[in-house]
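Presented below is the structure to which this report refers.
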Amino acid sequence: MPELPEVEVTRRGIAPHVAGARLARIDVRNPSLRWPVPPGLDAVLRGQTLIGIERRGKYLLLEYAPGWLLVHLGMTGTLRVLPSPEAVPVAGVHDHVDLVFERCVLRYRDPRRFGAVLFHPRSAGDILAHPLLVSLGVEPLSDAFDGARLYAGTRGRSVSIKQALLTGTIVVGVGNIYASESLFRARINPRLAAGKLSRPRCEKLAQAVRETLAAAIEKGGSTLRDFVGSDGKSGYFQNEYFVYDRTGQPCRVCGTPIKQIVQGQRSTFYCPHCQK
DNA sequence: CCATGGTCCTGACAGC
DNA sequence: TGCTGTCAGGACCATG
């Protein structure tokens with residue numbers, strides 16, 4: 001379930017196992033992801049040491065001396081550490097890429113194949129200048145994201161605040177689940193035009209986004225071990241949703257049945273009493 | 001047929 | 001007439 005918290009939990013989960021490790025080879029079984037996995041990856045990266053893993057929005061940036069592997073998990077992607085190259089489980093139909101290190105394997109699985117594995121050579125400049133990254137909004141957990149930024153980013157926008165959050169041009173990492181959850185925490189109706197949010201409500205929403213994402217990362221943190229092994233469980237945060245996927249169930253604050261609507265072809269959940 | 005975690009891309013349109 | 005930005009909708013795909 002890769003929204004920003006899941007990507008960050010993945011990063012933290014796999015980094016200790018592979019950062020500083022030497023890549024023995026790359027196996028690409030099925031290159032047809034959102035964009036083709038570039039041919040010749042193995043030739044470029046074989047023998048290289050993984051310097052570290054960073055995250056920008058929902059993208060994972062795996063740094064090597066020759067350049068960066070850019071990994072996006074799409075809707076259904078996972079990256080898991082499998083213990084030993086000698087005893088790696090047989091790859092399933094959706095296990096598209098293996099990064100084979102000397103002491104473990106990092107396996108990319110993505111049933112729907114909406115994700116991506118790309119390469120950005122160092123000669124092409126800094127990874128943050130990559131076309132997919134260069135115009136992303138600010139990081140929600142950085143100092144750059146606050147009420148002022150949200151206020152500025154929403155002026156003149158007629159789209160709903162829910163959709164404005166999802167687009168990722170103001171702030172990155174807020175997906176369909178956490179958009180609904182954040183708006184509930186801020187007590188804001190998801191249908192409100194983004195440009196009509198008052199300055200105080202922007203402050204409140206920015207804070208709500210930070211809290212929602214931070215809490216989800218925290219919960220995911222308790223399942224870090226699940227990123228090692230063949231079958232990981234999902235995190236525990238889903239047990240704490242206020243509104244997401246709770247259509248008709250009582251609001252945890254006021255008891256009013258949670259309502260479900262469709263915005264931009266995606267479901268939105270909210271409490272019609274608490275969120276005005 | 002319905003839904004499901006993401007987001008790029010295109011085309012229409014508005015305003016300067 | 002461009003150019004820029006905004007917005008809606010389609011596209012990609014497997015699975016229950």
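All chains are named by letter (A, B, ...) in the order of the sequence lines, taking the proteins before the strands, and each is independently numbered beginning at 1. FYI, side chains are in, hydrogens and waters are out, and symmetry mates aren't considered; it's all heavy atoms of this structure.
- Between A/K58 atom NZ and B/dC8 atom C1' there is a gap of 13 Å when expressed in whole angstrom units.
- With rounding to whole Å, A/L165 atom CG is found 15 Å from B/dG6 atom C1'.
- The OH atom of A/Y241 sits 13 Å away from the P atom of B/dT4 (whole-angstrom rounding).
- Ion pairing between a basic and an acidic side chain is recognised when a charged N comes within 4.0 Å of a carboxylate O; A/E8 and A/R12 show such pairing.
- At B/dC8, one or more side-chain N or O atoms of A/Y59 fall inside 4.0 Å of OP1 or OP2 (strictly under the cut-off).
- Contact annotation for A/T167: no contact, since no heavy-atom pair falls under 4.0 Å across all strands.
- A/R25 and A/D42 are not joined by a salt bridge, as no carboxylate oxygen comes within less than 4.0 angstrom of a charged side-chain nitrogen.
- Rounded to whole Å, atom P of B/dT7 lies 9 Å from atom CG of A/L166.
- Proximity of A/R55 to A/E139: side-chain heavy atoms (C-beta onward) are separated by under 4.5 Å at one or more points.
- Rounded to a whole Å, the CG atom of A/L73 is 11 Å from the C1' atom of B/dG6.
- Between A/R266 atom CZ and B/dT4 atom P the separation is 8 Å, expressed in whole Å.
- Under 4.0 Å is where a charged nitrogen must lie from a carboxylate oxygen, and between A/D146 and A/R210 no such pair does.
- When rounded to the nearest whole Å, the span between CG of A/L33 and P of B/dT7 equals 15 Å.
- Residues A/R191 and A/S160 bring no donor and acceptor atom of their side chains to less than 3.5 Å of each other.
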Letter by letter from the 5' end, nucleotides 11-16 of chain C scores (B base, S sugar-phosphate only, - none; protein heavy atoms under 4.0 Å) -BBBS-

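- Separating the CD atom of A/Q263 from the C1' atom of B/dG6 is a distance of 17 Å, rounded to the nearest angstrom.
- Using a 4.0 Å cut-off between a side-chain N of Lys or Arg and a carboxylate O of Asp or Glu, A/K58 and A/E3 do not qualify as a salt bridge.
- As the counterpart of C/dC13, no nucleotide is assigned, since no Watson-Crick or G-U wobble pattern has both distances under 3.5 Å.
- Salt bridge status for A/R122 with A/E63: present, with a side-chain N to carboxylate O gap under 4.0 Å.
- More than 12 non-hydrogen atoms from other residues, nucleotides or ligands lie less than 6.0 angstrom from CZ of A/R187.
- If you take CD on A/Q275 and CG on A/N189, they are separated by 6.5 Å, rounding to the nearest 0.5 Å.
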In 5'-to-3' order, the base (B), backbone-only (S) or no-contact (-) status of each nucleotide in nucleotides 3-8 of chain C, using a 4.0 angstrom heavy-atom cut-off, is ---SSS

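- Using a 4.0 Å heavy-atom criterion, one finds that A/L132 contacts the sugar-phosphate atoms exclusively.
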